[in-house]
Amino acid sequence: MKTLFAPNAQPHRLVFTTMVVAQVALLLLIWLFYPMQLFPSLGEVVRSLGDLITTQGLIQELWASMTTALQALAVATLLALGISYLTALPFFRPIAYAASKMRYLTLTGLTFFMALMMSSGHQVKLSVLIFGATVYLVTGMTSVILTTTQEEMDHARTLGMGEWRSFWEVVVLGKLDEMLEVVRQNFAIIWTMITLVETLYQSEGGIGLLLYKQNRYLHLDGVLAIQLVILATGAVQDYVFVLLRRVFFPYSALTTAK
């Protein structure tokens, strides 16, 4: 037990699991017996979740949003990788700088211009999500590239590699695991935005539209149930990304602080 309160300690797996279970149980007890009914009760949320699944197509709507989010993430990742790697060439650095600063732009207003440029609601949704994810991914990926040290590049050069080969080996291949981590951290941004764009363009449904309807009619138990589903989906996605990193980049664990 002492290890749970010691800085940088590594508690036994059983102790850590027991602690997590106890914290979750405490949270549920607070939810069940908290005297001020700020939130719907646990029973109401569970019943609403069952109703959303059986009568309102929660699983189908979640799948629709998931496929849209994955499409946006794939395109945004390719764009962001291209922009970030081009910072090796001084000519393209202003583009990466401008892209990273565009994360301060709000989507209100931008969706209007994208609607003028695109021919369907699906394309507008995708373009909004791609734009929002790309500007954050460029910021994170550029930061990763800037962590490249002079010693790393000099080491590659002493092995007889040219500038392009050194860049490929040290920056591109050597930092793929960190790029995957940046993608994992920024995937949540797409889920934050998708609920907004699905309410603006309702033709394809999605969990954002379902959430909007529950909120509009003050079905707070339904709102909370959907939020918990999104939270659980995000946690599973995070786990999948961590698993992919362990499988494809097992060496990355060597640099993790113990």
Side-chain angles (χ1 to χ4, degrees), residues 38-40 42 44-80 102-140 182-241:
L38 296 177
F39 300 100
L42 181 59
E44 291 173 331
V45 173
V46 171
R47 283 192 294 275
S48 179
L49 179 62
D51 179 65
L52 287 167
I53 292 174
T54 55
T55 65
Q56 302 189 49
L58 174 62
I59 302 300
Q60 292 86 341
E61 302 295 353
L62 178 63
W63 177 250
S65 298
M66 175 73 77
T67 53
T68 303
L70 289 175
Q71 288 179 50
L73 181 69
V75 177
T77 300
L78 292 176
L79 283 174
M102 285 183 184
R103 69 186 191 279
Y104 292 106
L105 294 176
T106 62
L107 295 180
T108 304
L110 288 178
T111 54
F112 175 74
F113 293 105
M114 290 179 180
L116 293 178
M117 292 186 289
M118 302 299 167
S119 59
S120 69
H122 180 71
Q123 291 180 355
V124 176
K125 282 169 49 178
L126 268 183
S127 59
V128 171
L129 295 175
I130 290 169
F131 173 81
T134 300
V135 293
Y136 280 94
L137 286 171
V138 167
T139 304
V182 171
V183 173
R184 183 187 72 82
Q185 294 177 5
N186 287 276
F187 197 2
I189 294 168
I190 292 182
W191 278 105
T192 303
M193 292 188 298
I194 200 169
T195 52
L196 169 65
V197 296
E198 283 178 343
T199 57
L200 295 176
Y201 300 93
Q202 304 180 359
S203 59
E204 295 181 319
I207 200 166
L209 179 59
L210 195 58
L211 181 62
Y212 169 75
K213 290 178 179 176
Q214 296 297 313
N215 191 54
R216 182 179 181 183
Y217 296 108
L218 295 178
H219 296 165
L220 298 184
D221 49 353
V223 171
L224 203 51
I226 294 173
Q227 293 284 14
L228 290 176
V229 168
I230 295 175
L231 183 65
T233 304
V236 172
Q237 287 177 177
D238 266 356
Y239 177 77
V240 171
F241 272 98

Subject >> Distance-minimising heavy-atom pair for Leu129 and Ile190 >> reply: CD2-O, 3.9 Å
**OP:** Measure across Ser127 and Met114 and return the closest heavy-atom pair with its distance rounded to 0.1 Å.
**Re:** OG-SD, 3.7 Å
Original post:
How about Ser65 and Trp191: do any of their side-chain heavy atoms sit closer than 4.5 Å?
Top reply: yes
Original post:
Counting distance only, does the side-chain N/O of Thr233 pair as donor-acceptor with the main-chain N or O of Val229 below 3.5 Å?
Top reply: yes
Original post:
Do Ile207 and Met66 come close enough that some side-chain heavy atom pair is under 4.5 Å?
Top reply: no
Subject >> Partner residues of Ile189 under the side-chain contact (heavy atoms from CB on, under 4.5 Å) criterion, sequence neighbours left out >> reply: Tyr136, Asn186, Met193
Subject >> Rounded distance (nearest 0.5 Å) linking atom CZ of Phe113 with atom CE of Met118 >> reply: 13.5 Å
**OP:** May I ask you to test the Gln56-Lys213 pair for a side-chain heavy-atom distance under 4.5 Å?
**Re:** no
Subject >> Nearest-0.5 Å distance, CG of residue Leu209 to CD of residue Gln214 >> reply: 10.5 Å
Original post:
Looking at Ala64 and Thr68, what are the two nearest heavy atoms and their distance?
Top reply: O-OG1, 3.0 Å
**OP:** Taking the side chain as every heavy atom from C-beta outward, state whether His122 and Leu126 have any pair of such atoms under 4.5 Å apart.
**Re:** yes
**OP:** Please confirm whether the backbone N or O of Leu52 pairs with a side-chain atom of Thr55, one donor and one acceptor, at under 3.5 Å?
**Re:** no
Original post:
Considering only heavy atoms from C-beta outward, does the side chain of Val138 approach that of Met102 to under 4.5 Å?
Top reply: no
Subject >> Heavy-atom closest contact (Ile130 atom, Thr134 atom, distance) >> reply: O-OG1, 2.6 Å
**OP:** Given side-chain contact (heavy atoms from CB on, under 4.5 Å), test Asp51 with Arg47 step by step and report yes or no.
**Re:** CA-CA 6 Å; Asp51 179 65; Arg47 283 192 294 275; over 6 Å; no
**OP:** Give, for atom OG of Ser48 and atom CD1 of Ile226, the distance between the pair rounded to the nearest 0.5 Å.
**Re:** 7.0 Å
Subject >> Non-hydrogen side-chain atoms of Tyr212 and Leu196 separated by less than 4.5 Å >> reply: no
Original post:
How close do Leu137 and Ala80 get, heavy atom to heavy atom, and via which atoms?
Top reply: CB-CB, 3.5 Å
**OP:** Given side-chain contact (heavy atoms from CB on, under 4.5 Å), test Tyr201 with Val128 step by step and report yes or no.
**Re:** CA-CA 11 Å; Tyr201 300 93; Val128 171; 5.6 Å; no
**OP:** Quick one: list whatever passes side-chain contact (heavy atoms from CB on, under 4.5 Å) with Leu42, sequence neighbours left out.
**Re:** Leu28, Trp31, Leu32, Val46
Original post:
Is there a side-chain contact (heavy atoms from CB on, under 4.5 Å) between Phe187 and Leu70 once you walk through the steps?
Top reply: CA-CA 9 Å; Phe187 197 2; Leu70 289 175; 3.8 Å; yes
**OP:** Using salt bridge (charged side-chain N to carboxylate O under 4.0 Å, His left out) as the criterion, list what pairs up with Asp238, not counting sequence neighbours.
**Re:** Arg184
Original post:
Side chains of Leu49 and Leu58: closer than 4.5 Å at any heavy-atom pair?
Top reply: yes
Subject >> Thr139 vs Val135 side-chain heavy atoms within contact, under 4.5 Å >> reply: no
**OP:** Using the side-chain contact (heavy atoms from CB on, under 4.5 Å) rule, take Glu198 and Leu210 through it: C-alpha gap first, then chi angles, then the decisive distance, then the call.
**Re:** CA-CA 9 Å; Glu198 283 178 343; Leu210 195 58; over 6 Å; no
